[in-house]
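Report on one structure; see the data block that follows.
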Number of protein chains: 2
Amino acid sequence: MIELTQRDQIVLEAIINDYIETGEPVGSRTISKRSAMNVSPATIRNVMADLEEMGLLHQPHTSAGRIPTVKGLRLYLDSIMRSRQLGGHEKERIRDALQNRPQDITELLRGTSRLLSQYCRQAGVVLWPKLSIASFKHIEFLRLGPFDIMVILISKAGFIHQTHIESKEEIAQAELDKYSLYINEILRNVPLSRVNQRIREEMESEKALFDRLFSRALQIVNRAIQYAIEDSEIYIEGQTNLLDNPEFAHVEQMRRILQAFEDKSKMIRLLDETLKASTGIQIVLGTEGELLREWQEMSLVSAPFRRGDTPLGVLGVIGPLRMDYSRIIPIVEFTAEFLSQMLEIADEG
Amino acid sequence: MIELTQRDQIVLEAIINDYIETGEPVGSRTISKRSAMNVSPATIRNVMADLEEMGLLHQPHTSAGRIPTVKGLRLYLDSIMRSRQLGGHEKERIRDALQNRPQDITELLRGTSRLLSQYCRQAGVVLWPKLSIASFKHIEFLRLGPFDIMVILISKAGFIHQTHIESKEEIAQAELDKYSLYINEILRNVPLSRVNQRIREEMESEKALFDRLFSRALQIVNRAIQYAIEDSEIYIEGQTNLLDNPEFAHVEQMRRILQAFEDKSKMIRLLDETLKASTGIQIVLGTEGELLREWQEMSLVSAPFRRGDTPLGVLGVIGPLRMDYSRIIPIVEFTAEFLSQMLEIADEG
DNA sequence: TTTAGCACTCTTTTGGGGTGAGTGCTACCA
DNA sequence: TGGTAGCACTCACCCCAAAAGAGTGCTAAA
């Protein structure tokens, strides 16, 4: 662990603050003038040289100021920065924006993503992962063709998932209706993650033994839920906000970043990982996450939202390494918290 | 109407072809060498001067070549250009890409959009407008709370629409189940556009008079379908392809264009208009469409897809004014045609 | 330990001259 | 009279050199 003196910390923080604000390399003069402590540029230069030796700062070229390295940012985030508290009316603004959303959960999530993007002036992202945590509410079978069944699965929170299943034998709508009646009965409120188990139990019970048809229904449900569980939705909004950042002025970088957004499956994996990794706010900086390899100059601030203790999904903000973390972190934190509350309510019906 | 001599046309076409290829202003020398007719640059220059006077060409600065104006492009598209025929294996490629799509209609449409974007190396777009043309397949009511009902509407083509409805009186799930049974019966295969009428008929019939409950159900359906009809889905893919075009090298332009994409409602209106306007391929150039005002340097090639004679939606390609229309037009045309066929099949179940 | 001073480095900006592509015009030719 | 050759002219673009500016490292002094 790196040991920093009090002054080292102050200088590092001042440099990072200034860099976050301007995006330019920061010189010793600036720090000397801005920072509260009265020391000359020359002194600052000595400190800076030390910090550079520790790998916390970096000099683009000999006669330029310093910019923080990823390592420096990390240290800053972990042990120096104090998050601003969100003001009351800022919280109000977030609450308002989410509460006035239509009740359709898809729109709620998309709206959350948009809110984050607008409020932080970066790209906002919401991952609603797999229904694995959701509870069963309703299932419906529709016959599309002799062997072709559409399965519509609805979770308690109101999320819809549709799957197509091919049946091996011909099947009538009337039969399907019987299935759904039966299945809706036995699976009511069962968490999707336990549906599998519940079905196994059911199939071992007498009823299923008597009726081959119902066991077929159960198999279909099993498959449908398998698909549903593997499916995730991701909502990325406000990508164009990133264009405002001077660090992405070059078209080349821009392309790389926007292309990364187009590959949703990779984004899903990345966010999914952060979901598993932590229960609180999490920050992934450029080179740190393996999956961010494509855009080393980017950074992700994310927080899970949950029902009770069970995480449901992740939301966050994606932007350049140079972001106003002290502002963005509390926003992300609060939004996650508030979204959790909203979902709690939505799930009680 | 502008009258062009044979030679004027040949020169205009040659200029546009060269411009489409290179993106640079075209000089008289180039045309003189490339074009089949043996005339000197000086002669070409005279013709060019004429064309410029007619407003078909434009000179960025005194000592540069000419580029076609929107008016020139329009004339070219309307009366000079001959579309290339699509080769058999090109058609095959499109067929393959669409046929191997999952049967989920959302994925089919998104896939079509992606196909167009990849194949034309521009942005692809598919509008699935309003269910107004679709036929009723199935409806399902789910009780979310005492007064809160989720209505799930499924069209024959497999499109799902969910709406939340607030009921004035408390309502039980058992009751809702009765509703859906009844309504699924009376609305089977009715085009959504005629549901309204059908419901009115039903409400006037004896049955409804006897049962206040069912008339309530009908009202709920009516509202749900109202919402559904006003809803459209738009799938835009491959936006980053646009970054490859040298004309968008400047970040400013890029931002404006990508921002226009983010405002989906405007895109929907634009495409919706082309759907109403024409039954065949349609090209909107920069300044022509009012809605394209934000990006005058863009152009849209679109074609409706349909079932029988009824248009279902629009698909197309969005790119710079300088696009290889002779290639893109037949691609868009064929894709629309083939998608229509696929939907025809999907709708038969 | 801090500071002032100074030489040095490297980027960025500015301006001017050269180059090349392309034009418009005029005179000439079939 | 339509086409062509020639020529002067106009710009945009590139290159280079010089100047400006920001910031550093080092040394010597407080």
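Every chain is numbered from 1, with letters handed out A, B, ... down the list of sequences.
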Residue pair A/Asn46 / A/Thr43, side-chain donor-acceptor N/O under 3.5 Å:
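Side chains of A/Asn46 and A/Thr43: no pair found under 3.5 Å.
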
Please determine if A/Arg114 forms a cation-pi arrangement with A/Tyr235, meaning its NZ or CZ atom is less than 6.0 Å from the six-membered ring centre and no more than 45° off the ring axis.
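Geometry flag: not set, cation outside 6.0 Å or 45°.
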
Should the pair A/Arg66 and A/Tyr19 be classed as cation-pi, given the thresholds of under 6.0 Å to the six-membered ring centre and 45° from the axis?
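Output no; distance or angle outside limits.
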
Atom-to-atom span, [atom1] of [X] to [atom2] of [N] - whole angstrom:
X	N	atom1	atom2	result
B/Arg29	D/dA5	CZ	P	12 Å
A/Asp8	C/dT1	CG	P	13 Å
B/Glu24	D/dC11	CD	P	19 Å
A/Ile67	C/dT11	CD1	C1'	15 Å
A/Leu51	D/dT24	CG	C1'	15 Å
A/Asn38	C/dA4	CG	P	11 Å
A/His58	D/dT24	NE2	P	14 Å

Which nucleotide, [options], lies nearest any side-chain atom of [X]?
X	options	result
B/Thr62	C/dT2, D/dT10, C/dT9	D/dT10
A/Gln59	D/dA22, C/dG24, D/dT24	D/dT24
A/Val39	C/dT23, D/dA22, C/dT3	C/dT3
B/Arg7	C/dT2, D/dG3, D/dA22	D/dG3

Got a donor-acceptor contact below 3.5 angstrom from the [X] side chain to the [Y] backbone?
X	Y	result
A/Thr69	A/Gly55	yes
A/Glu262	B/Gln239	yes
B/Glu13	B/Tyr76	no
A/Ser113	A/Gly124	yes
B/Ser32	B/Val39	yes

Ignoring backbone atoms, test whether A/Ser63 places a side-chain nitrogen or oxygen under 4.0 Å from the OP1 or OP2 oxygen of D/dG21.
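False: A/Ser63 side-chain N/O out of range (4.0 Å or more) of D/dG21 OP1/OP2.
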
Side-chain N,O (A/Arg66) to OP1/OP2 (D/dT24) below 4.0 Å
yes

Kindly calculate the angle separating the two end axes of the helix from C/dT1-D/dA30 to C/dA30-D/dT1, each obtained from five base pairs, and round it to 10 degrees.
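Overall, the helix from C/dT1-D/dA30 to C/dA30-D/dT1 bends by 20° from one end axis to the other.
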
Looking at residues 41-50 of chain B, who's got a heavy atom less than 4.0 Å off DNA chain C?
B/Arg45, B/Met48

Among B/Asn241, B/Asp244, B/Asn245, exactly one meets side-chain hydrogen bond (donor to acceptor under 3.5 Å, both in side chains) together with B/Gln122. Which residue is that?
B/Asn245

D/dT4 base / B/Ser40 side chain donor-acceptor hit below 3.5 Å:
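Side chain to base: no pair present.
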
